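First up is the structure itself, then whatever we jot down about it.
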Amino acid sequence: MTDAAEFDRDHLWHPYTNVTKPGPTFMVDRADGAWITLDDGTRMIDAMSSWWCTIHGHRHPAITAAMKDQIDRLPHVMFGGLTHEPAVELGRRLVAMTPAGLDRVFYCDSGSVAIEVAMKMAVQHQLAAGFPGRSRFATIRGGYHGDTWKAMSVCDPVNGMHHLFEGSLNIQYFAPRPPVTLDEGWPEDDEANGTAALLRLLHEHGDQIAALVLEPVVQGAGGMRFYHPEYLRRARRLCDEMGILLIFDEIATGFGRTGHLFAADLAGVTPDIMCLGKALTGGHISFASVMASSHVAETIGGGDPGLFMHGPTFMGNPLACAAACASLDLLADGTWRGRVAEIAAQMQAELAPARDLPGVADVRVLGAIAVIEMDHSVSADEAHPISRETGVWLRPFGRNIYAMPPFILAPDEVSRVSAAMLRLARTL
Ligand SMILES: *Cc1c(COP(=O)(O)O)cnc(C)c1O
């Protein structure tokens with residue numbers, strides 16, 4: 001073990017790890033496109049897009065050039081009372097590309113903070129609209145919205161750490177998971193399609209609920225499940241009828257991951273507030289954005305105190321805005337659509353044999369999201385040594401062996417990812 005690896009093991013905390021039982025942790029030296037290279041020269045395809053962010057691959061020349069240019073001009077400046085071109089340019093792009101009506105942009109640092117901001121907006125909106133009792137939130141089981149307190153309170157209550165933090169978490173209202181999957185027919189019976197349960201929840205607690213928070217179509221870190229977009233259209237209608245805001249968490253799904261620019265586009269629904277993160281900068285630097293309707297923004301502005309009470313130190317960071325503009329420009333020509341569709345078709349075909357393996361519960365693909373769900377939990381620590389051998393970096397969680405590859409993978413690279421997933425399904 002090198003000195004650096006030893007220091008890492010003895011001193012550095014990694015995400016969701018036990019410092020007394022460190023798992024295998026590899027030292028990364030560099031990354032090029034879809035590939036990461038370890039300090040011993042081992043090369044692996046980053047089939048996770050480094051937690052779903054590097055949609056154009058690592059170190060994309062257009063993005064790094066934009067960042068280098070920006071770093072020489074203005075890496076950071078406070079956003080209170082000052083603005084700059086990268087922030088304006090990014091805002092233009094986001095307003096134009098997100099569902100019509102989301103005209104107000106609030107920049108922040110990470111996905112979890114975006115969720116905090118969105119939830120705060122909803123509470124301030126309800127206060128300003130004359131509903132001070134509406135300070136809680138409704139959501140569905142199986143969700144994941146981040147690791148900060150308010151975000152955690154709307155994560156799945158069973159696998160979302162609620163029992164650990166019971167005394168500290170806000171109590172929110174949970175509807176059952178939407179029961180109809182994306183590729184099933186939509187039953188007209190509201191008990192069968194899950195909207196009756198949502199309706200009951202909203203009716204029972206509506207006078208306390210500021211907003212309904214949903215990951216549209218794809219529930220990511222809560223279980224990698226795909227549900228029917230009709231559920232979102234019905235949720236939109238219910239929220240409108242009851243004066244409840246609708247918040248979409250597109251942090252995982254935004255920017256083409258599902259084969260659509262946003263998962264909201266699958267349903268043709270515009271939420272009142274939408275959170276963006278992860279792939280926003282093409283995975284080059286942390287950044288997030290909360291998009292709100294003019295109605296929400298103006299209601300808050302017309303209330304007391306009128307100010308929206310949030311403003312992080314690094315809000316609107318120019319370097320991150322420049323990276324995001326460059327990443328969105330790469331999406332602008334639309335070629336990603338064909339690539340994502342090809343990746344989806346290829347992985348669908350190549351992963352089909354997994355259905356016959358013992359221990360496999362389900363296989364599903366949507367856009368550049370491919371999942372082999374096992375009937376038992378799988379260990380990332382056991383997967384990692386296999387990644388070294390297959391040359392494909394995968395980090396399974398829960399019962400899911402999954403890939404969210406960058407959109408730039410060539411067909412032979414996609415095949416390597418599929419083969420590595422099949423090997424993990426046979427081994428873990
Ligand atoms: C990753 C994720 C978050 C949290 O984002 P961070 O940048 O990790 O704080 C929130 N919601 C969803 C759907 C996510 O996938």
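Both ligands and their constituent atoms are indexed starting at 1 by order of listing. Please read these numbers as outputs of a predicted model, since none were measured by experiment. FYI, the numbering just counts along the sequence from 1.
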Practice task
May I ask you to check whether Arg136 and Tyr173 show a side-chain donor-acceptor distance below 3.5 Å?
Solution key: yes
Problem - Proximal atoms of ligand 1 relative to Ile251 (non-hydrogen, under 4.0 Å) - result: 2 (C), 3 (C), 10 (C), 11 (N), 12 (C), 14 (C)
Handout entry: N/O separation below 3.5 Å, Gly111 to ligand 1
Key = yes
Handout entry: Side-chain donor-acceptor pair present, Thr195, Asn193, cut-off under 3.5 Å
Key = yes
Problem - Interatomic spacing from OG in Ser289 to CD1 in Ile251 - rounded to 0.5 Å - result: 10.5 Å
Fill in the blank from the handout: Logged contact type for His145 with ligand 1, heavy-atom cut-off 4.0 Å, is backbone
Problem - His162-Phe174 aromatic ring centre distance below 6.0 Å - result: yes
Handout entry: Residue pair Gln126 / Ser135, side-chain donor-acceptor N/O under 3.5 Å
Key = no
Problem - ligand 1 atoms in contact with Lys278 (distance to a heavy atom under 4.0 Å) - result: 1 (C), 2 (C), 3 (C), 14 (C), 15 (O)
Fill in the blank from the handout: With heavy atoms and a 4.0 Å threshold, my read on which part of Trp52 contacts ligand 1 is side chain
Handout entry: Atom indices of ligand 1, in the order listed, that fall short of 4.0 Å to a heavy atom of Ser112
Key = 4 (C), 5 (O), 6 (P), 9 (O)
Fill in the blank from the handout: When every non-hydrogen atom of Tyr107 is compared with those of Gly91, the smallest separation belongs to OH-N, 2.9 Å
Handout entry: Ligand-side contact atoms (ligand 1) for residue partner Asp249, heavy atom cut-off under 4.0 Å
Key = 10 (C), 11 (N), 12 (C), 13 (C)
Problem - SB check Arg236 Asp272 (cutoff 4.0 Å) - result: yes
Problem - Those atoms of ligand 1 less than 4.0 Å from some heavy atom in Ala252 - result: 15 (O)
Handout entry: Atom indices of ligand 1 within 4.0 angstrom of Gly146 heavy atoms, with elements
Key = 4 (C), 10 (C)
